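What follows is a set of notes on a single structure, which appears directly below.
Because the structure is a prediction, the values reported are computed rather than measured.
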Amino acid sequence: MANGSGEVVRNRQVIFRDYVSGSPEETDMEVRESVLELRAPEGSNGVLVRNLYLSCDPYMRIRMRKLDVPSYRESFHPGSPIIGYGVARVLESCHPNFKKGDLIWGITGWEEYSLITAPETCFKIEHTDVPLSYYTGLLGMPGMTAYVGFFKVCSPKKGETVFISAASGAVGQLVGQFAKLMGCYVVGSAGSKEKVDLLKNKFGFDDAFNYKEELDLDATLKRYFPEGIDIYFENVGGKMLDAVLLNMKLRGRIAACGMISQYNLEQPEGVCNLMNLILKQVRMEGFVVSDYYHLYPKFLETVLPQIKEGKIVYVEDIAKGLENGPAALVGLFSGHNVGKQVIMVSRE
């Protein structure tokens, strides 16, 4: 057990100012400087870390509103740092699972240094022969989300047809590659020509389309899936979900991962075609990845060899500097990022 050096350092932080209505803006956050004693309190399970990379994820928008109903994640606290997934180096530890010098990924603060008081939310990084930033995405929460949602929720079979919305994002790009490795026919939607090209030429999707250029999503999906969709990996919701419901095959499966089109709306859009769940005996299931973290070792056994053999590739959009964190997070909701959005806090 280490008690820390007691050195006092300046600690830059991204502070959440107040609850958000509508689209988030950079001014909903501000970068401040505080002071912190580099010490893990004796008798606690606390782990003091220096943050290296922080993850920008769409679900964080939900935490920016005041939640009046129980949720698996609570709201951000006005006046306190933003909280999310990150990669960090342990400086001092009072927890038996971690020691000084360890690299970890898990829930941390948007700041240079954090005292993690619930280190059970963190994983020790054992494999450092891949970029550390991958543990905010491919080898972290988004990677596990793709793995669990596709293999456990959707139960895919070789030769099935798979559609993925927001397909160039942190999760979607992996779902598509998992599906291709299984021998599925895969189509993705994205919001720009650059992202569509990425899906087809980098990630190996069979096809892709820019949803912003399609006036009739039902007709679009019939063009790409004339015989229907076996599996839909849902990241968008709204009009896209409504069109997909018209095009699902008998006994199709929908993994409800996210609904980014709805996060900034004060009044969520209704879905009109839910009768198709009954008529086509479609199973639609929402899931929370943290319920499946016990599968993380098996996930690594599957994915690490595929990365090293070049069977899985990954695209990141890295913003350098904590001060660029607010812009990077807000940019998620206008499609500014290409690939997984990461903030590099420190190279050590």
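Scanning all heavy atoms of the two residues, the minimum distance from L199 to A167 falls at CD2-O, 3.4 Å. Closest approach of C184 to F150, counting heavy atoms only: SG-CZ, 4.5 Å. The minimum heavy-atom distance between V345 and E111, with the atom names listed, is CG1-O, 4.3 Å. Considering all non-hydrogen atoms of both residues, L322 and R12 come closest at CD2-O, 3.2 Å. Across V47 and H95, no two heavy atoms sit closer than the pair CG2-CB, 3.8 Å. A166 and N235 get closest at one heavy-atom pair: CB-CB, 3.7 Å.
By the side-chain contact (heavy atoms from CB on, under 4.5 Å) test, D242 is found to be paired with L245, V271, C272, N273, residues two or more places apart in sequence or in another chain being considered. Under the side-chain contact (heavy atoms from CB on, under 4.5 Å) criterion, V338 pairs with E194, K195, L198, D317, not counting sequence neighbours.
Atom CG in N276 sits 11.5 Å away from atom CG in L250 (nearest 0.5 Å). The CG atom of D197 sits 11.0 Å away from atom OG of S168, with the distance rounded to the nearest 0.5 Å. How far CG of L174 is from CE of M144: 12.5 Å, rounded to the nearest 0.5 Å. Rounding to the nearest 0.5 Å gives a distance of 11.0 Å between CG of D102 and SG of C122. For the atom pair CE (M259) and CD (E269), the distance works out to 11.0 Å, reported to the nearest 0.5 Å. Atom CD of E214 and atom CE of M240 lie 9.0 Å apart (nearest 0.5 Å).
Within the 6.0 Å centre-distance limit, the rings of Y293 and F123 are counted as a close aromatic pair. A ring-centre distance under 6.0 Å is not found for W110 and F76. A ring-centre distance under 6.0 Å is found for F225 and Y185.
V313 has its side chain within reach of F203: a pair of non-hydrogen atoms, C-beta onward, lies under 4.5 Å apart. With contacts defined as side-chain heavy-atom distances shorter than 4.5 Å, the pair D28/M64 does not qualify. In this structure, L221 and F209 have side chains that are in contact, with non-hydrogen atoms separated by less than 4.5 Å. You'll find the side chain of E112 reaches within 4.5 Å of the side chain of N11, heavy atoms only. Counting only heavy atoms from C-beta outward, the side chains of L132 and W105 never approach each other to under 4.5 Å. Looking at I15 and P81, their side chains come closer than 4.5 Å, going by heavy atoms from C-beta outward.
Within the 3.5 Å criterion, the main-chain N or O of G204 finds no donor-acceptor partner in the side chain of K180. Not a single donor-acceptor pair under 3.5 Å links the side chain of N51 to the backbone N or O of A88. With hydrogens and angles ignored, the 3.5 Å screen pairs a side-chain donor or acceptor of K280 with a backbone N or O of L246. Checked by atom type and distance alone, the side chain of E234 pairs as donor or acceptor with a backbone atom of G237 at under 3.5 Å. Formation of a donor-acceptor pair under 3.5 Å by the R89 side chain with backbone atoms of G101 is found in this model. Side chain of R39 to main chain of E92: no donor-acceptor pair is present (N/O by atom type, distance under 3.5 Å, no hydrogens or angles). For the pair S75 (side chain) and R65 (backbone), a donor-acceptor distance under 3.5 Å is present. Side chain of Y314 to backbone of A170: a donor-acceptor contact under 3.5 angstrom is found.
In this structure, L103 is not a member of the same hydrophobic cluster as F98, with clusters built from ILVMFWY side-chain heavy atoms closer than 4.5 Å. V196 and V175 end up in different hydrophobic clusters when Ile, Leu, Val, Met, Phe, Trp and Tyr side chains are linked at under 4.5 Å. Both I231 and F287 belong to a single network of hydrophobic side chains, linked directly or stepwise wherever heavy atoms of I, L, V, M, F, W or Y lie under 4.5 Å apart. The hydrophobic cluster containing Y134 also contains V171, counting ILVMFWY residues as joined when their side-chain heavy atoms lie under 4.5 angstrom apart, directly or transitively. Residues L139 and V49 are members of separate hydrophobic clusters, defined by side-chain heavy-atom contacts under 4.5 angstrom among Ile, Leu, Val, Met, Phe, Trp and Tyr.
More than 12 heavy atoms of other residues, nucleotides or ligands lie within 6.0 Å of CD in E33, so this atom counts as buried by the packing criterion. Other residues, nucleotides and ligands place more than 12 heavy atoms under 6.0 Å from the NZ atom of K249. In K311, the NZ atom is not crowded: 12 or fewer heavy atoms of neighbouring residues, nucleotides or ligands sit closer than 6.0 Å. Within a 6.0 Å radius of NZ in K202, other residues, nucleotides and ligands contribute 12 heavy atoms or fewer.
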Donor-acceptor pairs under 3.5 Å, side chain of residues 324-336 to any protein atom, not counting sequence neighbours: which ones?
from: N324; atom 1: ND2; to: K320; atom 2: O; distance (Å): 2.7
from: S334; atom 1: OG; to: G331; atom 2: O; distance (Å): 3.3

TODO: Give the intermediate values and the outcome of side-chain contact (heavy atoms from CB on, under 4.5 Å) for residues T161 and Y224.
DONE: CA-CA 10 Å; T161 58; Y224 287 99; over 6 Å; no
- [ ] Mind running side chain to side chain donor-acceptor pair (under 3.5 Å) on S133 and E316 for me, showing each step along the way?
- [x] CA-CA 9 Å; S133 57; E316 298 176 302; 2.9 Å; yes
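Counting only N and O atoms by type, the side chains of S34 and Q13 include a donor and acceptor under 3.5 Å apart. N210 and K193 share no donor-acceptor pair across their side chains, judged by distance under 3.5 Å alone. Residues S165 and Y232 bring a donor and an acceptor atom of their side chains to less than 3.5 Å of each other. When only modelled atom types and interatomic distance are considered, S192 and K212 share no side-chain donor-acceptor pair under 3.5 Å. Defined by atom type and a distance below 3.5 Å, a donor-acceptor pair is present between the side-chain atoms of Y113 and R50.
Checked for salt-bridge contact, D57 and K340 meet the test: a charged N lies under 4.0 Å from a carboxylate O.
The aromatic rings of Y147 and F178 sit perpendicular, their planes meeting at an angle over 60°, well past the 30° parallel limit. Aromatic ring pairs are classed by plane angle as parallel below 30°, tilted from 30° to 60° and perpendicular above 60°; the pair Y19 and F16 is perpendicular. Relative ring orientation between Y85 and Y59 is described as perpendicular, the plane-to-plane angle rising above 60° on a 0-90° scale split at 30° and 60°.
For the pairing with R253, the side chain to side chain contact (heavy atoms under 4.5 Å, CB included) check across M284, M248, E285, E160 returns one residue only, E160. The only option from N97, V87, I116 that meets the side chain to side chain contact (heavy atoms under 4.5 Å, CB included) definition with I104 turns out to be I116.
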